[in-house]
Visitor: 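Handing you this structure, nothing more for now.
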Amino acid sequence: MDRSPAFDFCLPQLLSWLCFMVEGGRLDSFFLAPPCTTFSPAAYPPLRSYKVPRGFRPKERRTHLGTTLALRSLSLMLIAARTRVTGLLETPRRSKMAWLREWIYFLEARVADETWLASCNFGSIHQKEFRRLGCNIEMPRLNFPCTRDHTHVKIEGQYTKPSATYTDDLAWMFASEIARCVNIKIRMQQAEDVDVIGLESIVSNDIAEHLPWSTLQEWRWKKKEVHINIKETCF
């Protein structure tokens with residue numbers, strides 16, 4: 001959004017495009033971190049509470065924006081969970097976002113898993129803790145509570161904004177875990193591929209070629225040397 005208005009997550013067209021990318025297998029993974037200012041327990045005056053995470057005045061501009069971004073992120077997570085795409089949604093550990101009934105649904109329905117980590121395990125001078133909701137990824141591998149064997153610099157003043165950024169080690173850990181999950185998915189897809197060379201039916205082809213046809217819909221078949229009829233026969 002800072003770079004181009006076309007990437008404003010509030011635009012329905014952008015959400016539709018992202019859903020299309022995930023469902024169509026054009027995205028193998030994504031990482032979401034919607035703004036959490038209105039969900040913060042430090043927000044003053046508070047716009048929400050843990051008992052009322054949707055906000056005291058849901059239609060108030062800032063509250064509505066925060067809720068919209070959170071729910072659209074959760075919508076994308078739901079699609080990812082159903083399409084074997086690796087998805088991660090991040091918010092501060094004490095963010096009221098995790099008290100939304102939609103977030104809780106993911107955990108109760110076992111659609112996704114939740115864990116948290118402290119960035120001080122990865123070279124940060126702060127104990128900044130992040131909560132994550134994840135699907136199609138081994139969340140226990142992302143669980144790193146503070147080991148309590150070191151000191152921290154308090155997050156306040158000039159440290160507030162920088163504390164939310166990743167250290168290189170933390171970014172590398174996330175990238176490595178996501179890459180590992182994507183590689184597993186690719187290997188699974190390769191194992192499921194059907195060898196269709198030589199399986200076409202000459203009789204079926206001859207009959208089909210002499211029948212009257214009209215084009216109703218048209219799209220590009222993504223894989224080479226895979227006959228769609230073979231795929232249809234497999235299911």
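Remember, it's a predicted structure, so these values are computed and weren't measured experimentally.
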Visitor: Is the shortest heavy-atom distance from the side chain of C10 to the side chain of L65 under 4.5 Å?
Guide: yes
Visitor: Mind running side-chain contact (heavy atoms from CB on, under 4.5 Å) on L78 and R82 for me, showing each step along the way?
Guide: CA-CA 7 Å; L78 185 60; R82 293 173 175 174; 3.9 Å; yes
Visitor: Between Y50 and K96, is there a cation-pi geometry (under 6.0 Å to ring centre, at most 45° from the normal)?
Guide: yes
Visitor: Less than 4.5 Å apart, side chain to side chain, heavy atoms only: is that true for P34 and L89?
Guide: yes
Visitor: R62 vs T37, test: side-chain hydrogen bond (donor to acceptor under 3.5 Å, both in side chains). Steps then yes/no.
Guide: CA-CA 9 Å; R62 293 169 297 170; T37 304; over 6 Å; no
Visitor: Evaluate R94 against E129 for side-chain contact (heavy atoms from CB on, under 4.5 Å), listing each step before the verdict.
Guide: CA-CA 8 Å; R94 293 173 177 79; E129 295 175 334; 3.0 Å; yes
Visitor: A side-chain contact here means heavy atoms from C-beta on lying under 4.5 Å apart; do M77 and F30 qualify?
Guide: yes
Visitor: Determine whether R187 and N183 make a side-chain contact, defined as any pair of heavy atoms from C-beta on separated by less than 4.5 Å.
Guide: yes
Visitor: Could you tell me whether the side chains of T63 and R48 share a donor-acceptor contact shorter than 3.5 Å?
Guide: no
Visitor: Just checking, any donor-acceptor pair under 3.5 angstrom between side chains of T147 and D149?
Guide: yes
Visitor: I would like to know whether F106 and C135 meet side-chain contact (heavy atoms from CB on, under 4.5 Å); could you show each step before the answer?
Guide: CA-CA 9 Å; F106 276 86; C135 58; over 6 Å; no
Visitor: After noting the C-alpha distance and the side-chain angles of E60 and T38, does the key distance pass the side-chain contact (heavy atoms from CB on, under 4.5 Å) rule?
Guide: CA-CA 11 Å; E60 188 270 332; T38 64; 5.9 Å; no
Visitor: How close do M97 and F39 get, heavy atom to heavy atom, and via which atoms?
Guide: N-CD2, 3.2 Å
Visitor: Using the salt bridge (Lys or Arg N to Asp or Glu O under 4.0 Å) criterion, which residues pair with E23? Sequence neighbours excluded.
Guide: none
Visitor: Tell me the closest heavy-atom pair linking C146 and H150, and the distance in Å.
Guide: SG-NE2, 3.6 Å
